[in-house]
Chemist: 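The structure is given below, and queries will be raised subsequently.
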Amino acid sequence: LARDPASGRRWAAFENHNTIARLAPPAPRAIIRPEAMRRWNANSGPETMLRLADGRFLVIAEGSEGHDDATRPALLFPGDPVTGAAPVRFRFHAGLRDDPVDATELPDGRVLILLRRVGLALPPRFDTSIAIADPAEISPGEVWRPKAVRHLALGPLADNYEAMAYVPAAPGTREGAIWLMADDNFSVFQRSLVLRFEWPGEP
């Protein structure tokens with residue numbers, strides 16, 4: 001999900017259909033399937049979508065387009081994706097098994113990306129980390145590489161975290177809080193959790 005705080009408009013990305021919907025009641029819902037997303041994998045499509053403060057939209061696929069490819073296809077739209085504007089295509093690379101699942105923008109314009117690593121077991125094992133990157137460094141066709149900020153050794157609180165938000169402590173400050181959320185996915189092996197971490201302003 002993404003939101004414009006000025007208008008209240010919301011956008012939703014659907015990974016199984018590789019579509020983006022604009023939700024702006026009372027106006028009718030508008031849906032688009034961007035050509036640049038048509039070949040993204042069905043169950044690991046646009047898991048990360050963020051509306052930047054300048055109105056651009058960052059969209060990153062959860063999975064790669066090839067089994068041996070550690071990069072993820074990614075797009076930077078110049079504005080509302082539903083209008084059909086052509087995005088900048090690039091690649092995202094955080095690690096061979098690190099899947100981007102959400103992002104949030106910091107006051108200085110940099111972006112925190114939530115990364116998840118799944119260990120196939122019963123019950124499944126989840127590893128969570130956070131990376132940081134600057135959208136100003138995105139170039140068409142190039143690889144955008146974030147820098148690791150923190151690996152979260154959550155111990156008994158380890159779970160399938162897929163949502164992240166930054167909330168400033170006060171207007172005009174760089175300090176704030178990072179919120180993470182996991183949902184149970186209707187599974188007996190997962191839980192719905194909300195965690196809050198202090199953000200000092202610099203990683």
Side-chain angles (χ1 to χ4, degrees), residues 1-15 17-34 36-37 45-62 72 74-88 90 92 94 100-116 128 130-138 144 146-147 149-150 152 161-183 192-203:
L1 292 172
R3 178 178 178 269
D4 175 9
S7 67
R9 283 184 171 183
R10 291 172 171 84
W11 291 260
F14 298 90
E15 64 172 348
H17 303 283
N18 293 329
T19 59
I20 297 175
R22 183 177 61 213
L23 314 171
R29 180 175 58 180
I31 302 176
I32 190 172
R33 188 182 186 194
M37 289 168 42
E47 181 84 9
T48 298
M49 181 172 66
L50 173 66
R51 182 187 183 275
L52 300 173
D54 60 12
R56 294 179 298 167
F57 278 72
L58 176 67
V59 182
I60 309 174
E62 177 187 0
R72 309 292 189 261
L75 306 171
L76 184 63
F77 288 89
D80 183 351
V82 178
T83 63
V88 171
F90 64 102
F92 176 83
V101 292
D102 202 11
T104 188
E105 188 176 14
L106 296 172
D108 62 10
R110 292 179 300 170
V111 170
L112 295 177
I113 302 106
L114 181 63
L115 303 171
R116 176 188 59 192
T128 301
I130 297 175
I132 193 169
D134 191 344
E137 299 175 355
I138 294 175
W144 191 43
K147 178 182 178 181
V149 172
R150 182 61 58 98
L152 302 175
Y161 293 95
E162 296 184 284
M164 177 171 60
Y166 167 79
V167 180
T173 64
R174 293 194 174 192
E175 296 79 19
I178 303 297
W179 292 83
L180 300 184
M181 185 170 65
D183 68 290
S192 294
L193 300 171
V194 178
L195 300 182
R196 178 180 185 268
F197 296 90
E198 297 299 323
W199 177 258
E202 287 294 333

Chemist: Taking the side chain as every heavy atom from C-beta outward, state whether L152 and L180 have any pair of such atoms under 4.5 Å apart.
Modeler: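 SC-SC contact between L152 and L180 confirmed.
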Chemist: Do you know which of N18, I60, L75, I20 makes side-chain contact (heavy atoms from CB on, under 4.5 Å) with P46?
Modeler: N18
Chemist: So does R150 have more than 12 non-hydrogen atoms from other groups sitting under 6.0 Å from CZ?
Modeler: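 Check fails, neighbour count at 12 or below.
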Chemist: When you compare the side chain of P87 with that of F57, does any pair of heavy atoms fall below 4.5 Å?
Modeler: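 A side-chain contact under 4.5 Å is absent here.
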Chemist: If you look at every heavy atom in F92 and A94, which pair is closest and at what distance?
Modeler: CE2-CB, 3.7 Å
Chemist: The test is side chain to side chain contact (heavy atoms under 4.5 Å, CB included); show your working for R56 and L76 and say whether it passes.
Modeler: CA-CA 7 Å; R56 294 179 298 167; L76 184 63; 3.4 Å; yes
Chemist: Can you tell me if R174 has over 12 outside heavy atoms packed within less than 6.0 Å of its CZ?
Modeler: no
Chemist: What's the separation between atom CG in L58 and atom CZ in F90, rounded to the nearest 0.5 Å?
Modeler: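 Interatomic distance, L58 CG to F90 CZ, rounded to 0.5 Å: 5.0 Å.
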Chemist: Does P5 reach the side chain of R3, with side-chain heavy atoms less than 4.5 Å apart?
Modeler: yes
Chemist: Step by step, work out the side-chain hydrogen bond (donor to acceptor under 3.5 Å, both in side chains) result for D4 and S7.
Modeler: CA-CA 6 Å; D4 175 9; S7 67; 2.8 Å; yes
Chemist: How close do P135 and R110 get, heavy atom to heavy atom, and via which atoms?
Modeler: CD-CA, 4.1 Å
Chemist: Can you see which heavy atom on I32 is nearest to which on G84, and at what distance?
Modeler: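 For I32 and G84, the tightest heavy-atom pair comes out as CD1-CA, 3.8 Å.
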Chemist: For the residue pair L115 and T128, establish whether any side-chain heavy-atom pair is separated by less than 4.5 Å.
Modeler: no
Chemist: Answer whether the closest heavy-atom distance between the side chains of F197 and I130 falls below 4.5 Å.
Modeler: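 A side-chain contact under 4.5 Å is absent here.
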Chemist: Closest heavy-atom contact between V82 and A30?
Modeler: CG1-CB, 3.5 Å
Chemist: Calculate, to the nearest 0.5 Å, the distance between atoms CG and CH2 belonging to D80 and W11 respectively.
Modeler: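 Here the rounded value is 5.0 Å.
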Chemist: Is the count of non-hydrogen atoms from other residues, nucleotides or ligands lying under 6.0 Å from I31 atom CD1 greater than 12?
Modeler: yes
Chemist: Which heavy atom in V194 sits nearest to a heavy atom in M181, and how many Å separate them?
Modeler: CG2-CG, 4.0 Å
Chemist: Between atom CH2 of W199 and atom CG of L112, what is the distance when rounded to the nearest 0.5 Å?
Modeler: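 Going from CH2 on W199 over to CG on L112, the span is 4.5 Å.
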Chemist: Nearest heavy-atom pair of E105 and L50: which atoms, and what distance?
Modeler: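 Residues E105 and L50, closest heavy atoms: N-CD2, 4.0 Å.
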Chemist: With the side chain counted from C-beta on, respond yes when L193 and Y161 share a heavy-atom pair under 4.5 Å apart, and no when they do not.
Modeler: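 Result yes, sub-4.5 Å side-chain heavy-atom pair found.
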Chemist: Got a second to check how far E15's CD is from M49's CE, nearest 0.5 Å?
Modeler: 12.0 Å
Chemist: Can you find a pair of side-chain heavy atoms, one from W179 and one from T104, that are under 4.5 Å apart?
Modeler: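 No, too far: nothing below the 4.5 Å cut-off.
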Chemist: Quick one: are D183 and E162 in side-chain contact, heavy atoms under 4.5 Å?
Modeler: yes
Chemist: Roughly how far, to the nearest 0.5 Å, is OG1 of T48 from CG of L114?
Modeler: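 Here the interatomic distance stands at 8.0 Å.
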Chemist: First locate atom CZ of R196, then atom CD1 of I178, and finally report the distance between them rounded to the nearest 0.5 Å.
Modeler: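 Spacing of CZ (R196) from CD1 (I178) equals 10.0 Å.
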